[in-house]
Every structure is written in structure tokens, then in C-alpha cells.
> 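Provided herewith is a single structure, encoded as C-alpha cells, for subsequent inquiry.
To find a chain, count down the sequence lines: A is the first, B the second, and so on, and within it residues start at 1.
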Amino acid sequence: MDLLIQVLINGVLLGGFYAIMALGLALVWGVLNIVNLAHGAFIMLGAYLSWYLYEYGGIDPFIGLPLNAVIMFAVGYAMQRGLLNLIVRAPMFNTLLITFGIEVVLTYLAQLVFSADFRTINPPYAGNNTTLGSVVIPDVRLFAFGAAIVLTLGMWVFLLRTKLGRAIRATAQNLVAARLYGVEPRHLYAMTFGIGIGLAGAAGALYGVTSQINPYIGASLTAKSFAISIIGGLENPLGVIVGGLALGIIESLALLYVGATFGDVATFGVLVLVLIVRPTGLLGRTA
Amino acid sequence: MKKLLPAILLALGVVILAAVPWIASDVVVQFGINSLLLAVLAQGWNIIGGYCGYPSFGNSTFFGLGCYGVAIALVQWELPFAVGLAFGVALAAAFAVLLGIPVLRLKGHYFAIATLALALAMSAIVSNVEIAGRNIGLVLPPLNNDPLFYELSLALLIAATLTVFWLTRSRFGFGLIAIRENEEGAAVMGVNTTLFKILAFTLSGVFSALAGGIYAYWITFIDPVSAFDIGLNVKMIIMAVFGGPGTILGPVLGAFLLTAVSEVLASEVTTLAGLFFGLVVVAAVVLMPRGLTDVFHQFHKAGWRYFLNNIRAHRL
Amino acid sequence: MSAKAAFLSSLLLGAAAIAPAPAHAADILLGASVQLTGPVANTGRYYKDAYEFAVDKINEKGGVKVGNEHRKLALRIYDNQSDVSLSVRQYTQLVTQDKVNLLLGPFASNFVLADSAISEKYKIPMVQGGGASDQIFSRGFKYIFGTLPAASDYFGSTIKMLSALKPKPENVALLYADDSFDVSVAKGTRPLLKEAGLKLALDERYTTNATNFNSLLSQIRNAHIDAVLVAGHETEILNFIRQAKSLSVSPKMYSFTVGVPSADFRAALGKDAEFAFGMTAWLPSASLKDEWFGNAEEFAKAYKAKFGYDPDYHAASGVADVEAIVKAIESAGTIEPQKVRDALAKVNFQSLYGTIAFGKNGQITLPQTVIQIQDGNVVAVYGQEGFIKQPKYPMPAWNSR
């Protein structure tokens, strides 16, 4: 019983991290209809950025999270404004191809700049945990969980209640009308993508503290983020929490009860099921 | 006579290609097999993605099933190669029909993502299947006959291209194009959209599976990572799109050119090869999203401004 | 239009075929396709550095004596981007287009498994130091030789040590990744554990490149496992150790098949690497004498000076491959592939890597020395004759370090 509770807690905390990981992707996809296959590569870049700031600047990864997010926001803004805006009105399918190309380029650039050596962000508190009875709760994961709730709620409030958020949603839904109202869509799209990448950067920092960093972690992170976004549902910003939790718990339980080689089977099996039965996701309205 | 010129050139091209194993070095034959198989994949994708308008991101699943069909037949059951190919095709067809029915109900990018999810799931599942050798994979009996594999691949490509050619002149093909342009309208006009979509998906899967079967026997070693390689999906789509989706020879052209570029880079520039490939992809999507065939058609009208026009048409 | 273009591209293929092959030089050309980029590049590059280092040193000392003349070695290395099919094509290119005389291997068993089919097909010997899986050597191939000892014996000396530790571990967990090498290791480890009378309480296969070990670690803690043996890859082991710390899982000991000997692995973990056990078939000891490098200790110093990092057994193995080829050529008196292959089967000489001699199946037999990270250094603790140095056992809990 103790084992089950520990594994469930593991799953929930993992779910929190998954939610942060997928938030940027879900935002850009749900609002702008841009499917970013390079999302994982940006998480990787964020991780390297935090590592670099920690190794050479002595900036603690958590204290440096806002700095990381701002720098990654700038990168995302530039990328959208300079490159992705060029294909926004092409068939949506082209974004899949171009972001794939970007993923390849980013991965190889990271290999060139940072080499294939593993890096870890290892502040002294990285392995700390809190014990509640027989359950051990890693502190960093708890923080990530809290951050996930805060960020996702913040995103929900931002998109549904603030002027800028509404402007972004309006632009994505009706370009012509938005222009008539004097909204500058290129700037708004870039802002949104920038926020998405800023979130990816934050996820990267957290990833670097709990795992190891190398140029090739992007692809599997993208695949997971996809699963989380779809399972939760793209229409509702709170979807990533639901998707993340669902996936975290399912994966942890599958690894425990089915076998340690069944993690991906569980993840992608559930994804396929959701797509077949309820494509709009757990929180989406039925089509 | 002028009308026959393209046909004569094509026939000549095929003859030259068929003669390659006897006039070229071993390396070129290997490169040839690789690009021919990729061309088959691109052409297969063309049927479901180019003509039917359903961009499948999961044809690697069929390729992998073809690989494993041959591998299991040869290694575990000691059956001949042809039986293995048939087995692979059967697996792919069954998969296409069973999973095609639910997945083809989805539209646009949801379909693409669903097929991608299928590919990811399949890879994870097969790495747990005992008879497939789990994640270690299977080592096939070596057959030291590159020219045979070359000719088989060439024959498969010709078959695939002829199928696409037949498509452009058949009711089935018109139905697919109708579905691509306006699915609801096509249904109203009496096209059995579900049946046609599933047929297209299955046809596309069959070619991919055959390519997979030949690949497995040629490379003598497969595992879930290489058989269900997700990157293959993007490669075949880029080749089809780069060459010209919804055309007969576009995917073939795209496949040959891109594999040539990729191979040259891998042997000359090595470490930067991957980087350049990514840059080529990005540039192609921005500058020529309708593919090379479109460039050929429009270039003499618009000149260099063709590329600029593409950007203007698609940018925000 | 399209037809013309298709015609043109088939001409392209034809033209490429007629391009002239490079002129044959008097140097002895060795070829290899190594992972210089891609997910396994982190270890793959050790082989490139090792091959280059060995070739340079051997040339510096006069080259290879073939019959009555001295010839230099030349090296041709391709980057296979960690892609197995590309490496197969590159080996074919090395043999048929670059006309190399002999082959050196890639890193990783799954690559060697596929690439050795090429050496066998063209009957050109390949000496590799990157693949240890039993599968490679059980196909009856004659042209593949390996300087990594058998996978099934990796934990052999560790298990002997476990039997001798006080208090003896009450139960053991065996975790292994699902690739060829690690499955071979597990298969060989089980009977050894049984023989030693150690109880195998947890026997779990996990996905290669797994990042989530929380469930397995929770099981280990729950079952109060004393000894954990992990056969996996550096990325997984890094994650395992970090997550073990965050879940406060500290068995009496844990041992890993890779990572512990590599400098950058230890650097990535910092103090968390402490107490981890591993094994190596090679240590830079002065007692390993070498014809070209003096001894292993001097080799390690020179290597570090040139490349900036400490060599581990991968690098030493790579150097041994080149040396084995040279010795075989000198013994055969020719560079003819068949004769070199026969000479390779019979080589027996001392090198900085130990005694180089290949078994009937082409694989070397070398004992693994148990090592442990103590105070940031790799220390040999248990070898063929028993304890070399006292291991730090049992491992203290994470919060009391």
C-alpha cells in the first residue's frame, strides 16, 4: 500500500512538471494554430541557458527562472517575427514541416556549441526532499508542481480576462476583423509565440535540475508534450494540468504494475485512444 | 511526336536507372537502393497526402510493419522472402483498415497528429513483443546481392508511380481529389468518402510495407527504432512536398534530389550535414511550398519573383 | 518539365558512378565510421580521438614493418550521426570506394552488429573496441574481432566481491536497459548471482533512454534492497542516481556497467557520484607495458595533455584495436586482408590495454576490475586476487553525507 501511495505521489508530481512542459506548446497550438515540432528543442535550449547561467554566472536556476524566461521570450519573439510569420497563412501542414527543420537546426547547433557531453544543473538543494510518514516528496518536483498550477491559472486568466489575451485570441480567430480594429497581428503572434517559448525555457530549467541535458533530448520531450496537450484538450488553457496529471499518473502506474518497458506504450496508447474517442481532449467540448 | 517526348525520356530514364548496378560502383548502388526506397515511401504518401489531402504522419508504421513482416517470417518461421513480403503487406493492410476507420474521421492537423501518435505507439508496442525480438530487434540471414535489391526497389517504384498515374485517370483518383478539395461536396455528389479514404490509406500503406520488407532484408538488421523511425515520416513528406505533392513524378524527383544532397553532405561535410539538411528544409518550406514541379512550371513566367510571391502569399 | 527532370536525375546517378576513385597511396589505410554527432556521440568521439592518437604515435615511431619496408598508417573516419543504416553505407563506401586496407569499428553493440555484416561480406577484418554483446560473436563470423570483454561477464568480479563483503547483501536488484548489450549482461549475471547464493529480489528490464526511474526506485526502497546492479547507458544512470537522491533511496551499494570510469559523468554528478561502484577492463597502471606508449600511465598522461580529458577504457580499447592490426600485419608480413585476418586470430602481445589475444569467436577475454568512486577519484577495489583496497561499504544515507 505504501508503495502504491508513493508511486501515485510520484505520478502527481511528475504530472505537474509535464504540465509546465506542455503549456508553451498548448498555448501556441491552441491559440495560433501553429504546431511546434521544435518545442522540445526549445526546452533543451532553455535547459542549456540555465546551465550556462549557473556554471558561468553563478545564478541559481530558480532565481534565474525569470531571466531565463525573458531571454527565451526574446528568442521566440524573434523566431516568430522573423521566420514563422512568413508561413502563417500557408496550409497548416507547412508549420509542421518548418518546425521540424528548425528542430534539426537547433539540435545540431546545440551539438556544435555545447558538444555532446552531458550537463546537469546541480545546485546543492537539487536532491532535497520532504518526508511525510512513509512517503518521500522531492522538493524540486513539489516546486514544479506549484509553479505548474500558478502558471496555468495565470495563463487562463491572461487569455480569458486581460485585454492583451483577448486581443491575441481575437486575432487568431479572425485576422481581418482584428486588423480592422487596429490590432497589429504580426506583433501579437510574435508575442504569443514568445510567451510559449519563454514557458519552454522555464520547463528546461526545471528539467536540467532533475535530469540531465544533452542536445538530443528535444524529440522525446516534444512527443510527450503533444500527448499531454491533446489528452488535456487544446481549447481550454487548464487542459495541460489535466493532461499532465493524467499522463504522469498513468505512466507511473504502468511502470509499476505492467512493467518498466511499458511507459511509452501507456503514454502513446492513451493518446491514440483519446484521439479516436474524444479528439478534443478531456476538457474539450465534444465535437 | 512532341506528345510522346516525355514518355520517351521517362522510358530512357528507367532504362538507365535499371542499368546502374552494372555501370556504377557499389556505393552508388547502395545509395540508389536507399533513394529508391525513400522515393517509394514518398510516392506512397502522395496517394493519401498529396491526392487525398489527408497528410499522414504515420506511414512509418506501415514501413515498420513491412520490415517486421519479412524479419519474423525469415528469422522465426524460416519462410521465404516473398511470403515475408506478403505477411508484411497483410499486417499493413489490416492495420490501415482497422485503425484507418476511426482515424480518418479526423480532420486536418488532428489526422496528422493521430497518425503520428499511432507511429509512436507502434514503436513502443513492438519493443515489447517477444517474437519481434523486443527492443533488440532481429538479425536477418544475410543475402549478399545488392543488384537484386536495387532492381526490386526500382520495380516497386515503377509500380507505385504507375499506380499514381492510373489514379490520375480513374474515378477513384478523381474521387480522392474531390475529397481533398471539398469533402462535404464530394459526399453530397455521391462519392463514398469513407471507402475511398480507407482505400487510399491502405494503398499507401501497402507500398510503404513493401519498401520496408525490401529494406529489412537488405540491411539485415532491424530494431523498433530503425524500423519505426519517426524521422522517416517527415523525410518522405518533405520529399513529396519538395518535389510536388499531387503530381505523378514530383515525389520521385524530390526523393532523388534530397537524398543526393543528404548523402553528399554526409560524406563531404560530415558533422554539418544534419545542420544543412535542416536549413534546406526550412528554406524550401518558406520559398517553395508547392514543390519543385511548381517551380518548374512557374519560373519562366515569374522568374526570381516566384519565391517572393510565395512569401507574400503566405505571410502574416 | 517533370519527365525531363526525372531523366536528368537518372543521368546524375549515372555520372556519379563514373567519378574516379581516389589514387591508392603507399600508406596503409584504416577506415572507420564513428558516432561523432547524434545521441551517442558523447562516447563515440572517444574512439576517433583514440584511433588518431594511436596512428600518430605509431607513425612517429617508424610506422609498420611490412616485410622489409616500413609503411605509415593513414586514417579515414566518417561521422555516422549515430544512425545505424548510415554507418552500414559508410563502411561499404570505405571498402568499395575509399579502398581502405583494414577496418576499425564504431561504438555500441547494435552498430557493430550491423556493420560487421559488411566486413564479413567483403572479407576485410574489422577490429572494434565498442561492442561487447554476445550476439556479435555468436554468428560464426570470421572477420570481426573485439577488444571489449564479454557482456555476460561484466558483473562477474562485482558479484565475487559482494560475496566477500561484510555484511553480505541479503538481496539484489538487477535493472537493465532493453538493448542488445545490457540484455546480454543481465542474462550472464543471473546464473552468477545464483551460484554466489545471492537472492535476486527484483529483476526488471526498462526502456532504453528512460528518464523516469521513480517507480523502480520506489520499489527498491519498499523492498529494502541491499545491492542494486544496473546495466544501462550513461544518460539513464545519471537520471537514476539523481532521482535516487531526490527520493532518498540509498541501498547498501549500487554498481553500474557504464559511467563510473568516465570523467564527464563524474563531473556531471559532482559529489553525488560518491560511493558508486562500476567496473573497468582497464586502469592506467604503470604495470601495463606498451611498445609505443611506454606504459598505460604514461599513455593516460599524454592523452590528457593532448585532448584535455582523462581517457577511460573506451579510449584504451580503441588504441588496442590499432595496435592489434599493426601487430597482425607485422606478423603476417603483408597487408592482404585474408592473411591479416589469420594473423589477428593468433596475436598475443602485451599492450597498454593488457594482454591482447582473441578467442575462437573473435572476442578478447579480460577480467573486469571493480572500481569505486572515493573522494572524487576512481579507485580499484577488487580484482582477480581479491580486495585491492577497502571499498566504502555500506553506502551512507543521502542526508548523512
Side-chain angles (χ1 to χ4, degrees), chain A residues 29 33 35 37 80-81 83-109 111-112 171 175 185-186 188-190 219 223 226-227 229-230 258-259 261-277 279-280 287, chain B residues 49 53 55 57 99 101-103 105-128 134-135 230-231 233-235 237-238 241-242 245 271-287 289-290 310-316:
Chain A
W29 189 352
N33 222 16
V35 185
L37 283 180
Q80 178 72 33
R81 198 84 198 241
L83 184 59
L84 291 172
N85 269 353
L86 292 176
I87 53 135
V88 167
R89 289 190 298 136
M92 188 252 159
F93 168 71
N94 288 20
T95 63
L96 284 160
L97 292 180
I98 204 178
T99 51
F100 171 78
I102 294 174
E103 203 258 346
V104 171
V105 171
L106 288 177
T107 305
Y108 272 90
L109 281 178
Q111 148 94 36
L112 276 172
T171 309
L175 207 49
R186 279 179 289 207
L188 281 189
Y189 267 61
F226 262 64
S229 307
I230 300 239
V258 186
T261 50
F262 285 89
D264 280 349
V265 175
T267 303
F268 298 119
V270 170
L271 174 59
V272 171
L273 231 69
V274 167
L275 278 167
I276 290 179
V277 171
T280 46
Chain B
F57 255 78
L99 280 148
I101 297 178
V103 154
R105 285 181 301 155
L106 302 168
K107 295 287 183 293
H109 54 142
Y110 275 109
F111 172 75
I113 300 303
T115 50
L116 182 59
L118 281 176
L120 291 165
M122 203 62 198
S123 176
I125 292 173
V126 170
S127 71
N128 281 301
R134 298 185 70 172
N135 202 36
I230 305 293
N233 286 312
V234 192
K235 275 201 190 123
I237 296 176
I238 288 178
V241 170
F242 186 71
T271 28
L272 292 181
L275 181 63
F276 274 117
F277 189 73
L279 288 172
V280 165
V281 168
V282 172
V285 174
V286 172
L287 294 172
R290 273 188 303 277
N310 273 335
I311 298 180
R312 276 215 203 99
H314 293 136
R315 74 171 174 199
L316 190 50

> With a 4.5 Å cut-off on heavy-atom pairs, point out which of A:D264, A:V265, A:N33, A:L106 contacts chain B the most.
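Most heavy-atom pairs under 4.5 Å with chain B: A:V265.
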
> Testing the basics here: between A:I102 and B:V282, what is the closest heavy-atom pair and its distance to 0.1 Å?
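Reported closest heavy-atom pair: N-CG2, 3.8 Å.
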
> Among the options A:N85, A:L84, A:T95, A:V104, pick out the one with the most heavy-atom pairs lying under 4.5 Å from chain B.
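Max contact count across the listed options: A:N85.
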
> For chain A, find which of B:I125, B:V234, B:V286, B:V281 contributes the most heavy-atom pairs closer than 4.5 angstrom.
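Max contact count across the listed options: B:V234.
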
> What part of B:A112 gets closer than 4.5 Å to chain A, counting heavy atoms only: side chain, backbone, both or neither?
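Contact with chain A is through the side chain of B:A112 alone.
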
> May I ask you to name which of A:T261, A:L109, A:V270 has the most heavy-atom pairs under 4.5 Å with chain B?
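Highest number of pairs under 4.5 Å: A:T261.
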
> To check you understand the geometry: which heavy-atom pair defines the closest contact between B:R105 and A:I276, and what is its length?
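Smallest interatomic distance, heavy atoms only, reads NH2-O, 3.1 Å.
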
> Side chain, backbone, both or neither: which part of B:L279 has an atom under 4.5 Å from a heavy atom of chain A?
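When you check distances to chain A, atoms from both the backbone and side chain of B:L279 fall under 4.5 Å.
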
> Quick check: does any side chain N or O of B:N128 sit under 3.5 Å from a backbone N or O of A:F262, one acting as donor and the other as acceptor?
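It does not hold such a pair.
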
> So which residue, A:W29, A:Y189, A:F226, ends up with the most heavy-atom pairs under 4.5 Å with chain B?
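Option with the greatest count: A:W29.
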
> What is the minimum heavy-atom distance between B:R315 and A:R89, and which atoms define it?
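Looks like O-NE, 2.8 Å.
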
> Considering only heavy atoms, which portion of B:R312 lies under 4.5 Å from any heavy atom of chain A: side chain, backbone, both, or neither?
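The answer is the backbone of B:R312.
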
> At a heavy-atom distance under 4.5 Å, which candidate from B:G49, B:S127, B:A114 has the highest pair count against chain A?
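Highest number of pairs under 4.5 Å: B:A114.
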
> When you compare the side chain of A:L97 with that of B:V241, does any pair of heavy atoms fall below 4.5 Å?
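Yes, their side chains come closer than 4.5 Å.
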
> For the residue pair B:G278 and A:V105, what are the closest heavy atoms and their distance?
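Heavy atoms only, the tightest pair is C-CG2, 3.6 Å.
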
> For the pair B:I237 and A:F100, evaluate side chain to side chain contact (heavy atoms under 4.5 Å, CB included) and give the outcome as yes or no after the intermediate values.
CA-CA 11 Å; B:I237 296 176; A:F100 171 78; over 6 Å; no

> Using 0.5 Å steps for rounding, measure from the CD1 atom of A:I230 to the CD1 atom of B:I113.
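It is 5.5 Å, given to the nearest 0.5 Å.
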
> Taking all atoms of both residues into account, what is the closest heavy-atom pair of B:V285 and A:I87, and its distance?
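Taking B:V285 first and A:I87 second, the nearest heavy atoms are O-CG2, 4.2 Å.
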
> What is the minimum heavy-atom distance between B:A117 and A:L275, and which atoms define it?
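Heavy-atom minimum between the residues: CB-CD1, 4.0 Å.
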
> Heavy-atom distance under 4.5 Å to chain A: side chain of B:A313, backbone, both or neither?
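Backbone of B:A313 only, per the 4.5 Å heavy-atom cut-off to chain A.
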
> Would you mind telling me which of A:L271, A:L96, A:V35 has the largest number of heavy-atom pairs within less than 4.5 Å of chain B?
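Most heavy-atom pairs within the cutoff with chain B belong to A:L96.
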
